[in-house]
Amino acid sequence: MKIIETAKEMQMTAERLRLEGKTIGFVPTMGYLHEGHLALVKKARELCDIVVVSIFVNPTQFGPNEDIDKYPRDFERDKRLLDQEKTDITFFPDKKEMYPDQYFTYVQVRELEDHLCGLSRKGHFVGVTTIVTKLFNIVKPHYAVFGQKDYQQLIIIQRMVRDLNMDIEIVSFPTVREDGGLAMSSRNTYLSPEEREKGLLIYASIKRVEELFKGGERNTNSLRKEAEKILSSRDGIDIEYINISDAETLKELDYIQDKKAVLAIACRIGKTRLIDNTILTEA
Ligand code: PAF
């Protein structure tokens with residue numbers, strides 16, 4: 001596996017690969033990889049000739065109260081895992097490479113950021129769309145694979161690609177779960193065994209809502225209340241939101257009718273903020 005640290009070298013390499021007729025599949029990450037990331041890498045491998053993974057802990061998507069220095073990092077381990085997956089290139093820039101002095105340009109997808117996580121994490125999605133745009137311009141992928149676990153991020157990136165006519169196919173990949181159903185996340189490493197057990201209630205509440213939806217319940221208030229009942233059954237789970245929204249616009253729904261909806265949950269367990277979601281659809 002080749003490791004590239006500068007934008008220029010990555011761009012030149014991508015250009016050469018494109019001229020050779022190779023398709024490039026891209027998985028952007030912030031490192032500290034887990035099975036969820038590796039599933040995205042496998043998907044990119046399936047679709048493309050060349051797989052590029054980026055590892056960059058992006059400062060512009062962290063809020064003032066979110067400690068970027070505490071974000072888990074282990075490049076040697078990441079490298080080993082990516083090697084095992086036969087990744088062709090890891091793009092591993094430093095902060096100065098991505099945000100040099102006098103950096104002024106940001107990308108914003110309006111409306112979609114005014115919901116769910118965007119409400120408590122002001123500016124987060126501008127940071128995400130800015131870095132993803134930069135990475136797309138540097139890696140020049142044909143396909144980019146994103147996990148459904150970060151549902152709002154996925155929808156915002158799909159919209160950005162559409163609105164800005166980016167010639168990239170965004171591939172969405174289902175959430176990968178640990179035993180018991182906890183959605184995989186680099187942040188899970190912060191959880192104590194007891195907190196992890198509480199985290200399982202998020203999946204339990206999702207399954208309960210799915211079951212009720214399958215049974216015909218369409219009133220979102222009733223569905224939400226059931227999820228809340230499960231999450232409130234133990235102390236120490238601080239619910240930030242339980243929303244049932246239109247799966248494309250992310251606007252909250254009172255009733256699910258002829259629409260694809262998303263149940264999205266965010267809660268804090270101890271110091272760790274966890275999110276999860278499921279799609280509620282007739283099909
Ligand atoms: O999902 C993530 O890990 C990050 O938000 C991303 C897409 C790599 C941008 O920094």
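Order of listing sets the numbers, starting from 1, for every ligand and every atom in it. Position 1 is the first residue of the sequence, and the numbers go up from there.
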Discussion item. Between Glu252 and Thr220, is there a side-chain heavy-atom distance shorter than 4.5 Å?
Written reply: no
Fill in: Matching residue for Leu201 among Ile237, Ile265, Leu182 - test: side-chain contact (heavy atoms from CB on, under 4.5 Å)
Ile237
Fill in: Identity and distance of the protein heavy atom lying nearest atom 3 (O) of ligand 1
Met30 CG, 3.7 Å
Run the numbers for me: atoms of ligand 1, each under 4.0 Å from some heavy atom of [X], listed by number.
| X | result |
| --- | --- |
| Pro28 | 8 (C) |
| Thr29 | 8 (C) |
| Ile131 | 9 (C), 10 (O) |

Worksheet item: Is there at least one pair of N or O atoms, one from Gln61 and one from ligand 1, spaced under 3.5 Å apart?
Response: yes
Discussion item. When you compare ligand 1 with Gln153, is there at least one nitrogen or oxygen pair between them that comes in under 3.5 angstrom?
Written reply: yes
Worksheet item: Is the side chain of Gln152 donor-acceptor paired with the backbone N or O of Cys117 at a distance under 3.5 Å, no angle test?
Response: yes
Fill in: Cation-pi, Tyr32 ring and Arg73 (6.0 angstrom, 45 degrees)
no
Fill in: Remaining members of the apolar cluster that contains Phe173, side-chain heavy atoms under 4.5 Å
Met1, Ile3, Val27, Leu33, Leu38, Leu40, Val41, Leu47, Val51, Val53, Ile55, Phe75, Leu81, Leu82, Phe92, Tyr143, Val145, Val171, Val176, Met184
